[in-house]
Amino acid sequence: AAASRVPQRRRVASRAMSAEAPPGVAPADEPAGRKAAAVAEMVEEATVWCAVHGLVVGDRAQPRSGTVPGVGLVHAPFSLLPTHFPASFWKQACELAPIFNDLVDRVSLDGKFLQDSLSKTKQVDDFTSRLLDIHTKMMEVNKKEDIRLGLHRSDYMLDSETNSLLQIELNTISSSFPGLGSLVSELHRTLINRYGKALGLDSKRIPQNWAATQFAEALGRAWAEFNNKSAVIMMVVQPEERNMKTLAQVEAEGQILPDGTLVVDGQTVSVVYFRAGYSPNDYPSEVEWGARLLMEQSSAIKCPSISYHLVGTKKIQQELAKPNVLERFLDNKEDIAKLQKCFAGLWSLDNEEIVKSAIEKPDLFVLKPQREGGGNNIYGHDLRETLVRLQKEQGEALAAYILMQRIFPRASLTHLVQGGVCFEDLTISELGIYGAYLRNKDKVVMNNQCGYLMRTKVSSSNEGGVAAGFAVLDSILLT
Ligand code: ADP
Ligand code: MG
Ligand code: MG
């Protein structure tokens, strides 16, 4: 299903070497034929590299891929060559990573700000309401998290209208693809080392990408701060993955000792790393909510804590973009200016004027609910209909959403490879910068930018998301 959502136009089959002759040019045309052959050779080289180096994902067409390890794997969707990206914007995005890490930590400590900002959302959005309930319980018992670990990814697009780098969102839970993203940079470096001369590309212009190693290091250092050699790091995952715990298993097998220690299946847990728990689908029953609360109540390091999770909501992003709000959390004026520079227009829907503008010109906006994982935003005609409908409904229904200025990146032609098939299409890209933050009381152990993830999608598709099937993995070549 993932692969089939991207329109497979202008195929360049890897073995068939279908000559990509433009209309009116005979297939025998030499340069076009040579180019198609070269692309086909690179695609084959690349897909073999993926298989050998583990740049693979479970194939949804293979039912057993979710339950039997190592069965039914397919190369992850990728772009054949890295996307050009201006070095100045790259530098700007990297510099923002430690500032956003710091901001998340500061905001997470202001429980009242989180509760107040999300109070209206809470009335109309069940999922946010459940998260806030856990947060309230922690505030009531004055729960302190001495050791705080954040593994974040801040996503950006280059707006062609203003020629500026604008933030799409900041992820504080389950920031995806540090592993496969690092591998794609490696794949592109390999291909350019081999074919770069003919293409006029230099692999040194692909920035090093150690996202996976650096996230692992952050988890390891959090474990060290916990200071219990026999404790484990527990990965909380969605069902149909192995070697880790689902929320339901944590509920069934977990307990908290009188001193706050989290023990699951007889093992002391130092760090809980959430690769699940960000979507309502991850909580099909009270069992899963019970597990989330149990972990939050424990002394284990949560990545993320409930506070960090809430800081990553779209609503908080919008609140932080209001005038004079960053100043409540940060002292350094230069840092504040850098953050503000990357904020796109963000509005809450109690702003009637903006709602009116969005109904008039829906293509200039994106309507966002408090959800993660791609595929949830509303665009264009649907955006207009939704706003009109919600306005008619009584109550606070609009408070479940925020409005965001639509960003328009410049489109370029890219070779995309999915399921061993290459096709060329007009695409736009989104750059994610990973950041790791670890602190123990007053000591900041780590506050780093940690590699990146480029995702590229056909420009006619509104949503991003590789797992959701809209985009391919990519890397960057600095210009
Ligand atoms: P999620 O948490 O589900 O990933 P995002 O805010 O990242 O939510 O939105 C999903 C996708 O929608 C993004 O990856 C991007 O492709 C697109 N998108 C989001 N906001 C904008 C925007 N302001 N302008 C253009 N595209 C956007
Ligand atoms: Mg997100
Ligand atoms: Mg996103």
Side-chain angles (χ1 to χ4, degrees), residues 5-6 77 83 93 100 104 125 127-128 131 150-162 164-178 181 274-282 304 308-318 320-321 342-347 354 357-358 361-380 382-383 400-411 414 426-435 452-474:
R5 258 189 260 169
V6 176
T83 295
F100 272 117
V104 170
D125 188 276
F127 181 61
T128 309
L131 296 176
L151 296 177
H152 305 143
R153 200 190 66 225
S154 182
D155 293 331
Y156 306 90
M157 280 180 175
L158 290 183
D159 185 42
S160 59
E161 280 173 25
T162 54
S164 59
L165 178 93
L166 295 179
Q167 186 184 47
I168 295 286
E169 64 151 349
L170 175 65
N171 294 288
T172 59
I173 181 166
S174 295
S175 303
S176 59
F177 294 119
F274 287 91
R275 285 294 317 149
Y278 54 86
S279 148
N281 298 336
D282 292 339
Y308 270 42
H309 185 170
L310 290 171
V311 176
T313 55
K314 312 282 187 286
K315 180 64 193 169
I316 295 297
Q317 177 187 11
Q318 175 257 308
L320 289 172
C342 80
F343 288 165
L346 288 153
W347 301 274
I354 279 296
S357 311
K361 294 184 172 163
D363 290 337
L364 300 183
F365 296 86
V366 181
L367 183 63
K368 298 191 175 187
Q370 309 306 310
R371 291 291 175 275
E372 293 297 325
N376 299 301
N377 298 336
I378 303 173
Y379 301 84
D382 295 342
L383 186 156
Y401 300 86
I402 62 153
L403 268 172
M404 185 171 181
Q405 161 198 353
R406 178 142 189 189
I407 299 165
F408 294 98
R410 188 162 288 123
T414 306
L426 271 180
T427 60
I428 56 175
S429 300
E430 180 174 352
L431 178 68
I433 303 284
Y434 295 103
Y452 59 95
L453 170 75
M454 188 72 153
R455 285 173 301 171
T456 291
K457 61 175 185 180
V458 291
S459 53
S460 55
S461 152
N462 286 326
E463 284 285 318
V466 175
F470 301 109
V472 302
L473 299 168
D474 196 352

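Every value quoted in this text rests on a predicted model; they were computed, and no experiment measured them. Whatever order the structure lists ligands and atoms in, that order sets their numbers, starting from 1.
- The closest side-chain donor-acceptor pair between Q318 and K315 falls under 3.5 angstrom.
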Apply side-chain contact (heavy atoms from CB on, under 4.5 Å) to the pair E169 and E372, showing each step before the final yes or no. CA-CA 10 Å; E169 64 151 349; E372 293 297 325; 3.4 Å; yes
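- Here Y452 pairs with W90 under the ring pair (Phe, Tyr, Trp, His ring centres under 6.0 Å) rule; sequence neighbours left out.
- Not a single donor-acceptor pair under 3.5 Å links the side chain of K457 to the backbone N or O of I428.
- Between N377 and ligand 1, a contact under 3.5 Å exists for at least one N or O pair.
- Looking only at atom types and distance, the side chain of D155 has a donor-acceptor partner in the side chain of N171 under 3.5 Å away.
- Formation of a donor-acceptor pair under 3.5 Å by the S160 side chain with backbone atoms of F408 is found in this model.
- Less than 4.0 angstrom separates some heavy atom of Y379 from each of these atoms of ligand 1: 12 (O), 17 (C), 18 (N).
- Atoms of ligand 1 found under 4.0 Å from any heavy atom of G374, numbered from 1 in the order shown, are 1 (P), 3 (O), 4 (O).
- Closest heavy-atom approach to atom 6 (O) of ligand 1 within the set E169, M157, R406, K368: this belongs to K368.
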Check against side-chain contact (heavy atoms from CB on, under 4.5 Å), I407 and I168: CA-CA 8 Å; I407 299 165; I168 295 286; 3.7 Å; yes
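- Using a 4.0 Å cut-off to heavy atoms of Q405, the atoms of ligand 1 that qualify are 22 (C), 23 (N).
- Y434 has its side chain out of reach of L151: every pair of non-hydrogen atoms, C-beta onward, lies at least 4.5 Å apart.
- Not a single heavy atom of Y278 sits closer than 4.0 Å to an atom of ligand 1.
- When non-hydrogen atoms are compared, ligand 1 lies under 4.0 Å from the backbone of R371 (N, CA, C, O) but not from its side chain.
- Here 4 is the count of protein N, O or S atoms positioned under 2.8 Å from the Mg ion (ligand 2), waters not counted.
- Without hydrogens or angle criteria, T313 side chain to Q370 main chain gives no donor-acceptor distance under 3.5 Å.
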Assess whether side-chain contact (heavy atoms from CB on, under 4.5 Å) is satisfied between H309 and F274, documenting all intermediate values. CA-CA 10 Å; H309 185 170; F274 287 91; over 6 Å; no
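- Remark: ligand 1 and E372 share an N or O pair separated by less than 3.5 Å (distance only, no angle test).
- Looking at Y308 and V104, their side chains come closer than 4.5 Å, going by heavy atoms from C-beta outward.
- Those atoms of ligand 1 with a heavy atom of K314 less than 4.0 angstrom away are 1 (P), 2 (O), 6 (O), 8 (O).
- Against a heavy-atom cut-off of under 4.0 Å, N462 is close to the following atoms of ligand 1: 12 (O), 16 (O), 17 (C).
- One finds the CG atom of L367 at 12.5 Å from the CE atom of M404 (value rounded to the nearest 0.5 Å).
- Residue I407 has at least one N or O atom closer than 3.5 Å to an N or O atom of ligand 1.
- Close approach of ligand 1 to M404 is summarised as follows: ligand atoms under 4.0 Å from at least one heavy atom of the residue are 23 (N).
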Worked verdict on C342 versus F100 for side-chain contact (heavy atoms from CB on, under 4.5 Å): CA-CA 11 Å; C342 80; F100 272 117; 3.9 Å; yes
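- Heavy-atom contacts of G373 reach the following atoms of ligand 1: 1 (P), 2 (O), 3 (O) (cutoff under 4.0 Å).
- Close contacts between ligand 1 and I168 involve ligand atoms 6 (O), 7 (O), 19 (C), 20 (N), 21 (C), 22 (C), 27 (C) [criterion: under 4.0 Å to a heavy atom].
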